[in-house]
Amino acid sequence: MTGTAQSNGRPGDHRRPRRRRAAPKTSAWTSARTVLRERLQPALPFLRRLRPAYPRPGRMGWQRWLPSWRQWLGGFLGAIGLTGLFLVVAYAATDIPKNLNSYATQQDNVFYWSDGTPMARTGWVQRQAMPLKEIPEDVRWAVLAAENESFYSDPGISFKGITRALYRTIGQGDTEGGSTITQQYVKNVYLTQNQTVSRKFTEAMIALKLDNRMSKDQILEGYLNTSWFGRGTYGIQRAAQAYYGTDVSHLNASQGAFLASLLKGAGLYDPTLSAANHQRAVERWSWTLDRMVKIGKLTPAERAKYKTFPEPRKTARVYDTGKQSDYLVELAQQYAKKSANISDKQFDLGGYQIYTTFDRKRETRLTDAVTKARKQAKKNDPKAAKTVHYGAASVATDGRILAVYGGPDHRTQGYNESNATTVPAGSAFVPFVYAAGLEHGIRKTRTGPNTTVTPETVYDGDDGTVVTTPEGPYWDRSGKRVLAHNDDGKSYGQISLGNALAQGVNGPFMQLGMDTGLDRVRQTAVAAGLLSSSLGAQVPALATGSSTPSAIRMASGYATFAANGMHTEPYSVRRITKNGAKVPLATPTAHRAIDAQVAKDVSAGLTSSLLRAHPTVPAVRAGGMTGIASDDKAAWYTGNTDTLSTAVVVYRMDLTKSLEPLPLKGIAGTPTGSVPYAVWSGAMGFD
C-alpha cells in the first residue's frame, strides 16, 4: 500500500514545510567598522569640517567653486605625500646596471718602444684611464669649480638643477643640464645621451644609489676618465696629451681650467676652431679660476699668476704610428693576444699598455737602409722597381725582435713582408744543412755506421755532380738524375765543407743533406727557429733552399748559431699592463737547439764567408751568408754578430696579376754589390 508523503510527521498534512530563518550573522568587516567608528567618534566633527563640499555652501556665483584654504592645504600635503611615496618606490625599484656602457668605458691601447717611450695608439676611441692620485689636485678642483663645486657634500643629485631641467623639457620643449658630476658620470657609464624626461629621472635615481655605494673620489675618478673632451679624446689624460702634448700629471690649474671648459661642449670651447670659440674659452677659463678662488681652492696670489690664457696646441697631436710602425703594432698586437690570452673583444675595449721589444734606433736604421735601396732601384730601373719587394728583420740572440721592415705602406699593402713566407731562401738555407751534418754525422750505406762530419770533411765541389743515395743516383719524378749545381756554375773539385761554406759552394751541401738525412735537416732547421710549415718538400732541393721562411724566422735561426746553439723563440712584447696592473704574459725561454760546438763551427764558417766577400767589415765577430734562389727569383743576405741577427730578402712580384715571384733582372745587384747585403750592412751599422 502506498501512501501520500507526509510532512512534520502528521498524516494528511499536505502543506509545504516552512524554512527556518537563520539567525543574523555579524561580518568581520561590520565589526571592524563599528569599532573604528567608536574610536573615531571624538574626531568626527573635525573630519567633517575637512571634508570638501562642492559647490561650497554659503557662497554665491564663482566663489562657490573656489577651494578653501583647508582644501588647498590638504591637496598640497597630499601631493607631497604621493610624490614622496612615488620617489621611495622608484628608488627601491631602480637598480644600478651591471653592464657598463662599453663605449663609454672603452679606451685606446698604447704601444711602447723598448726604451719605454710611446710608439703608437690604437682603438676606436682615444682614452686612457688615469688613477685619481695621478691627477693634480688643482686640476681636479678646476673641474669641480666649473661643473659641481658642492660635489663632496651633495647627495649625488641637484634638486634645483633637476627642477630647472624638467621645467625646460616639459614647458619649453627642449632640454637643459643642471646635472651633478655624479649624474653626468651615470649618463656616461650606464645610460645613453638621449635628452628625455625618463632618462633624466632614471639618471637621478641611479645617481642617488651610486652616491651611497661609491666614494666621492671613485666617482670623480670615473667621471674624469670617461668624459668627452673633444678632438677624439675621452678622459682627461688623453685630453692633456691632445691639447698640451703632456700627461695630465704635468698640468697646472690654468691648463686644468681650460680643459674643464671643454666639458660644456668641446665644439664651442676649442679655441683653435674659431675666433668665437676662442673668446668663449677665455671667458670660461677666467671664470673657472675666479670660482676656484671663491670656493677657497686657489689663493688670490696663485690666481694672479695665471693672467695669460694657456693656448693649446693648434692641432690634436696623437702619436703618429707612421708607415712602418703599423707593421710593428700588427706584430705586437698578434703576439700580445696570443701570449696573454686576450680575446679580440677584450683587446678592443682597450686600456692595455703593450711594451714591445722594438728598438727605435735599429728600426730607423733598417727603414733608412731599405728606403735608400728603393730610391736606387727606381733610379736604375723604374719599371722593374714598381714590382720589387723588400722584407727584413733584426732579432736579438735572446729572441727579442728589435726591428722589421714590413713594406712601404700598411694601408695599401695589407701584409707584412718581414713575416711573409713567400719566396725560397736559396743558399741562405745551407748553414742549417751544415749544422745537421756536423751534429748527426752521415751514413753512406743503409746499414753501416754513422761517420762523423767536421769542417775538414771533403766533398765533391764540381758543378753538375750527380746526387746519390746508398742505392745509387737519385732520380726525380720525370726520370732524370738530380744534379748538384753551384750558384756561380763553377767547379771547385774536392773541397772541405768549411771552405765550401766560406766560398758559397753549394753543391756539396746538397749531397751532405742526402747523406745526413733530409728528415734530420728539417729537424735541425726547426730546432734552430724555422717553422716546419715553411720548409720545402723532402727532396734534394731542400738542402739548397727550396724552403720559404720569413725574414723574422731566418734571422731567428742565425741568432741560434750566434747564441752557441741556444734558441729562444722570437717575440715582440716583453710586458703588458692594463691601466697599470700587470697582465700575465708567457715569455719564451732559451733552450738547447744545436750542440754548442756545432754552432761555433757554423759561426766560424759564416764569419769566413762574410770576410771573404766583404773584407772591409769592421773588426767585430760577425758572419753572414748570401742566398740566391733558383731561377733568380729571390736574393737574401742573413748574418749575425754575438748579440744580433738580421735577415734581408729582395724579390719581385706583381700583386695585381699573380702571387708568383718574377725574375729579379739585376734589381738585387750583383754578388759583390748585393742590395740585400747593403741593407743588412746598414741595419747592422756596418755601412
Side-chain angles (χ1 to χ4, degrees), residues 101-108 121 123-130 135 139-140 142-148 161 164-165 168-169 172-181 183-196 199-200 203 220 222-246 248 251 253-291 308-320 350:
N101 178 348
S102 60
Y103 182 77
T105 56
Q106 187 178 6
Q107 305 176 53
D108 54 2
R121 296 177 183 271
W124 292 104
V125 298
Q126 296 174 18
R127 177 193 288 116
Q128 200 69 40
M130 179 64 66
I135 302 174
V139 175
R140 287 183 247 163
V143 172
L144 293 175
E147 292 292 306
N148 184 189
R164 183 173 65 249
R168 290 185 60 84
T169 301
Q172 299 187 23
D174 59 1
T175 58
E176 184 175 283
S179 300
T180 64
I181 278 179
Q183 289 174 262
Q184 293 180 52
Y185 175 60
V186 167
K187 179 178 65 175
N188 290 345
V189 176
Y190 298 108
L191 304 176
T192 67
Q193 303 297 312
N194 295 335
Q195 299 279 22
T196 62
R199 201 273 294 157
K200 287 180 178 293
E203 171 191 297
L220 181 59
Y223 172 75
L224 292 174
N225 283 319
T226 57
S227 295
W228 167 256
F229 284 86
R231 294 192 179 183
T233 63
Y234 285 85
I236 198 164
Q237 165 70 351
R238 293 296 289 115
Q241 293 166 338
Y243 288 92
Y244 291 109
T246 187
V248 66
L251 297 183
S254 178
Q255 294 165 323
F258 162 69
L259 293 182
S261 70
L262 298 171
L263 294 168
K264 286 187 67 66
L268 295 174
Y269 289 90
D270 185 340
T272 64
L273 299 180
S274 68
N277 272 24
H278 192 279
Q279 182 179 349
R280 277 190 292 267
V282 172
E283 291 174 355
R284 183 73 177 178
W285 162 79
S286 180
W287 176 86
T288 299
L289 291 175
D290 290 341
R291 292 293 300 174
T308 304
F309 179 67
E311 298 286 351
R313 30 188 356 143
K314 296 298 182 182
T315 57
R317 179 185 179 275
V318 189
Y319 289 101
D320 185 14

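Here the structure is a predicted model, which means the values were calculated and not measured.
A heavy-atom distance below 4.5 Å is found between the side chains of D270 and Y243. Counting heavy atoms from C-beta outward, P271 and N277 have side chains that stay 4.5 Å or more apart. Contact of the S227 side chain with the Y234 side chain is not registered, since no non-hydrogen atoms from C-beta on lie closer than 4.5 Å. Two residues are said to be in side-chain contact when any heavy atoms from C-beta on lie closer than 4.5 Å; T246 and Q241 fail this criterion. Using a 4.5 Å cut-off on side-chain heavy atoms (C-beta onward), F229 and R238 make no contact. Counting heavy atoms from C-beta on, the side chains of Q255 and V139 never come closer than 4.5 Å.
Side chain of S286 to main chain of E283: no donor-acceptor pair is present (N/O by atom type, distance under 3.5 Å, no hydrogens or angles). Looking at N148, its side chain does come within 3.5 Å of a backbone N or O of I181 through a donor-acceptor pair. Counting only distance, with no hydrogens or angles, the side chain of D108 and the backbone of R121 share no donor-acceptor pair below 3.5 Å. At least one donor-acceptor pair closer than 3.5 Å links the side chain of Y244 to the backbone N or O of P310.
Listed by chain and residue number, V248, L251 satisfy the side chain to side chain contact (heavy atoms under 4.5 Å, CB included) test with A240 (two or more places apart in sequence, or in another chain). Applying the salt bridge (charged side-chain N to carboxylate O under 4.0 Å, His left out) criterion to R280, with sequence neighbours excluded, gives no partner residue. For Y223, the side-chain hydrogen bond (donor to acceptor under 3.5 Å, both in side chains) criterion is met by Q184, not counting sequence neighbours.
The distance from the CE atom of M130 to the CD1 atom of I236 is 10.0 Å, given to the nearest 0.5 Å. L220 CG to L144 CG: the interatomic distance, rounded to the nearest 0.5 Å, is 5.5 Å. Of the inter-residue distances, the one linking R140 atom CZ with L224 atom CG reads 8.5 Å to the nearest 0.5 angstrom.
Looking at every heavy atom in both residues, A257 comes nearest to A142 through N-CB, 3.7 Å. Smallest separation of non-hydrogen atoms from R313 and T272: O-CG2, 3.7 Å. W228 and A266 make their closest contact through NE1-CB, 4.2 Å (heavy atoms, listed as atom of the first residue, atom of the second, distance).
Taking the six-membered ring for Trp, F309 and W285 have ring centres closer than 6.0 Å.
Under the 4.0 Å criterion applied to side-chain N and carboxylate O atoms, E147 and R284 are assigned as salt-bridge partners.
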